[in-house]
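Numbers here are sequence positions counted from 1.
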Amino acid sequence: MHWARQIGFMMVLWLLVPSPVTAEQTRLQIQGVSGAARDNVELYLANFANGHVSTSLRFQARIELEARTALRALGYYHPEFHFQIERSARGSVLIMQIEPGAQTHYQQVDVQITGDAATDLDFLRLKARLAPQPGDPVHHGRYEQLKSSLDNLALRKGYFQADFTQNRLAVSEALKEARLTLHFDSGPRYHFGDVRFSGSQIQEQRLYSLIPFQSGEPYLASLLGEFNQALANTNWFGSILIEPDNESLEDRSQMVPLHVQLEPRARNSVELGVGYTEVQGGRLKVNWNRPWLNDRGHSLNNRLALSSIEQSLESSYRLPLRNVAQDFYQFQTGVKNFENRDGKGQDYTLAAERHWLLTNQWYRTASVRWLYSEFIQAEKEDRSNLWMPGISFTRSRSQGGMMPSRGDRLLFSAEVSDRAWGSDNRFIRLRSRANYITSFGSDHRVVTRLDAGAILLEEATELPPSLRFFAGGDNSIRGYGYERVAPRDDAGLLLGGRYMVTGSAEYQYRLTGNWWLASFVDYGSSWSRDPDWKRGVGLGVRWASPIGPVRLDFAWGLDHDEGKPRQFQLHFSLGPEL
């Protein structure tokens, strides 16, 4: 039992050692300054957190030196410091009393921009916004910001020979005056030269349509970013490297030719996904993608989805036109077997689509869709054969990454069916959707949504269930089951509606880092005769994950059937908010 005596001896020693929690702590308190001066002093002293503070003269000298540096950066060159120590049973407080003194101001400011940038509006605006004026207080941070902003703007706009010919901040501490001399010579502005591709498996004329600039246009770094993004969006390449010819920067022509090195993406890729939802149970998804089939950039995508209530197989073939980024044809086919929303059946589809990106950044899609459906909905068995030409317009804008600080998305679509071209039914189906996101500061977001649909000239019960409208669920009216808000028959079975309107308003507050707390209100209905409006409220948690927002909502439905309690639903979803 020798080891037991050793352990007992160590425990006794541990009990005899004073706990660091009970040791006397010293706190630092700053007095006498406020506003930007206090903020900067606290920033410089941030390393001296509680537990690293001492009342010794050596420590006082250290923090005085740091505080002087912080105040000099804001033009306070003559501060005075006084220290006081207060002791109590809870520990000591080191009080640093600061008298910042008079702030030094600019007596003379000479900021000049020469070269081609002398008439560049972006440089003139930058100078007006950041350059100090005589009488302004000295601020070293803003002075450094002015210099770095001039350098960065020159690089972004192609002034590759830019340099400071004079750069001097002279301070007379005795007179409390400063003189600033900053002369920036931008030199000439460079222009885009020719673009050369290498390593591509796609016809070069199709790649040239992705270039957002012409040879001879003024250089702009943001256009290089657009070019890189356009190449990435084709999904043809596994590696993209755009390099300017650095030797050309010393050429008197001031042209920047570009070399684009590309590596083809693998011709086949398979993605497997497994998930679970309360509505569908276990889900299996397989995506087989062939991003390029030939040198014209045709692509093929096949998707298989399996769950207990729905099984589907879809294929789409895409043919980009000469203007690759803006125009393409797409042909789709699919089969789906379903058993949900009090109905079951099979859908078979074929579709041909023509896509355009308009100059106003709206996507226009003209399509012809064939839908054959055999179904039983609310114990009514039927079949339907439909040919539906349609058109849609969509536009999506956002800024701020996967969880945007601002953004909007608009969708308007219409499909028409008529017996004149072989359809079993005559109707017009309209859909619209609007999403809007805005932020207030860095910790407050508002997310809104409005969704609407209508079927004209025909009763919804005469159409396949996939064309009828159902509301409820995580992207509709939370607090109600998925697509469980719709007209019902006398037996209480879902029929689906001719009309649908839902809306949502959500406020989000950042708790910490990428975690947000949300509160929301949803409202809407699906109906054929008279709307039965439903309200949902709740709280949620948001995580801005690397692959997109993850949402967990606790929602209550406020409008319940008589004799039934208010409904509670737990909603989990992953994906973009727009």
Side-chain angles (χ1 to χ4, degrees), residues 312 314-319 321 326-336 338 341 343 345-358 360-375 377-378 380-396 409-435 450-471 476 483 486-487 494-502 524-529 531:
S312 65
E314 300 176 349
S315 294
S316 61
Y317 191 94
R318 181 166 172 168
L319 292 80
L321 301 179
Q326 300 180 359
D327 303 302
F328 61 91
Y329 285 105
Q330 184 164 274
F331 300 95
Q332 296 178 303
T333 182
V335 57
K336 179 171 67 174
F338 61 90
R341 300 179 302 197
Q346 298 82 36
D347 284 347
Y348 304 88
T349 60
L350 289 173
E353 301 173 345
R354 172 72 160 87
H355 295 251
W356 297 266
L357 176 61
L358 306 179
N360 57 8
Q361 300 305 303
W362 282 83
Y363 266 102
R364 178 178 61 192
T365 303
S367 63
V368 176
R369 182 161 67 113
W370 171 72
L371 170 63
Y372 178 77
S373 183
E374 297 178 347
F375 60 91
Q377 184 67 40
K380 177 184 177 181
E381 185 174 357
D382 204 347
R383 65 181 59 191
S384 183
N385 182 70
L386 303 172
W387 289 93
M388 297 173 288
I391 191 167
S392 69
F393 295 88
T394 60
R395 187 191 69 188
S396 183
R409 186 175 188 273
L410 298 172
L411 162 69
F412 305 97
S413 69
E415 287 186 306
V416 180
S417 177
D418 199 288
R419 295 181 178 87
W421 51 71
S423 289
D424 290 343
N425 302 89
R426 177 173 176 262
F427 63 88
I428 300 173
R429 188 174 189 271
L430 304 175
R431 280 300 311 271
S432 64
R433 185 180 178 94
N435 299 71
L450 181 63
D451 199 1
I455 298 172
L456 309 180
L457 309 179
E458 184 64 273
E459 291 294 332
T461 53
E462 300 300 319
L463 303 181
S466 60
L467 297 180
R468 308 179 194 183
F469 294 110
F470 299 83
S476 180
E483 296 188 336
L494 290 167
L495 294 172
R498 288 184 65 185
Y499 310 101
M500 184 267 296
V501 174
T502 66
S525 182
S526 170
W527 73 96
S528 293
R529 293 288 182 267

Rounded distance (nearest 0.5 Å) linking atom OG of S316 with atom CD of Q330:
5.0 Å
Derivation and outcome, salt bridge (Lys or Arg N to Asp or Glu O under 4.0 Å), residues R426 and E458:
CA-CA 7 Å; R426 177 173 176 262; E458 184 64 273; over 6 Å; no
Hey, is the main chain of N425 close enough, under 3.5 Å, to the side chain of S417 for a donor-acceptor pair?
yes
Measure the shortest side-chain to side-chain distance between F375 and S466 over non-hydrogen atoms and say whether it is less than 4.5 angstrom.
no
Value rounded to 0.5 Å, distance of OG in S413 from CZ in R433:
12.0 Å
May I ask you to establish whether R364 and F393 are in a cation-pi arrangement, using a distance under 6.0 Å from NZ or CZ to the six-membered ring centre and at most 45° from the ring axis?
no
Distance-minimising heavy-atom pair for K380 and T461:
NZ-O, 3.6 Å
Measure across P465 and R341 and return the closest heavy-atom pair with its distance rounded to 0.1 Å.
O-NH2, 3.7 Å
Between R431 (side chain only) and A452 (backbone N and O only), is there a donor and an acceptor less than 3.5 Å apart?
yes
I455 vs L463, side-chain contact (heavy atoms from CB on, under 4.5 Å): CA-CA, chis, key distance, verdict
CA-CA 10 Å; I455 298 172; L463 303 181; 3.8 Å; yes
Quick one: CD on E314 to OG on S312, what's the gap to the nearest 0.5 Å?
5.0 Å
Nearest heavy-atom approach of S528 to A460 is OG-CB, 4.5 Å
Is any side-chain heavy atom of L494 closer than 4.5 Å to a side-chain heavy atom of F470?
yes
Side chains of N385 and W370, donor plus acceptor under 3.5 Å
yes
Decide if atom CZ of R395 counts as having more than 12 heavy atoms of other residues, nucleotides or ligands within a radius under 6.0 Å.
yes
Would you mind reporting whether V368 and M388 have side-chain heavy atoms less than 4.5 Å apart?
no
Non-neighbouring partners of Y363 that pass side-chain contact (heavy atoms from CB on, under 4.5 Å), sequence neighbours left out
L357, T394
With rounding to the nearest 0.5 angstrom, report the CD to CZ distance, E483 to F469.
11.5 Å
Hydrogens and angles aside, do D418 and S423 bring a side-chain donor and acceptor to less than 3.5 Å of each other?
no
Between D424 and R383, is a salt bridge (Lys or Arg N to Asp or Glu O under 4.0 Å) present by the stated rule, with each step listed?
CA-CA 9 Å; D424 290 343; R383 65 181 59 191; over 6 Å; no
Examine distances only and state if a side-chain atom of Q377 and a backbone atom of G345 form a donor-acceptor pair shorter than 3.5 Å.
no
Please check: side-chain N/O of W421 versus main-chain N/O of W387, any donor-acceptor pairing under 3.5 Å?
yes
Please assess L410 against W362 for the test side-chain contact (heavy atoms from CB on, under 4.5 Å), listing each intermediate value before the final yes or no.
CA-CA 9 Å; L410 298 172; W362 282 83; 3.7 Å; yes
Search all heavy atoms of L457 against all heavy atoms of R498 and return the closest pair with its distance.
N-NH2, 3.7 Å
Can you label the angle between the F328 ring and the H355 ring as parallel, tilted or perpendicular, going by 30° and 60°?
parallel
Any idea which heavy atoms bring T502 and S525 closest together, and the distance?
CG2-N, 4.4 Å
Flag side-chain contact, heavy atom, 4.5 Å: D347 against L371
yes
Expected output: side-chain R429 to main-chain L467 donor-acceptor under 3.5 Å
yes
Under the criterion salt bridge (Lys or Arg N to Asp or Glu O under 4.0 Å), I'd like the reasoning laid out for R529 against E459: C-alpha separation, chi angles, the key distance, then a yes or no.
CA-CA 10 Å; R529 293 288 182 267; E459 291 294 332; 3.3 Å; yes
In this structure, OG of S526 is separated from CZ of R468 (nearest 0.5 Å) by 10.5 Å
Run V501 and W527 through side-chain contact (heavy atoms from CB on, under 4.5 Å) and show every step you take.
CA-CA 9 Å; V501 174; W527 73 96; 4.0 Å; yes
D451 versus M500: any side-chain heavy-atom pair under 4.5 Å?
yes
Nearest-0.5 Å distance, CD of residue Q346 to CZ of residue F338
7.0 Å
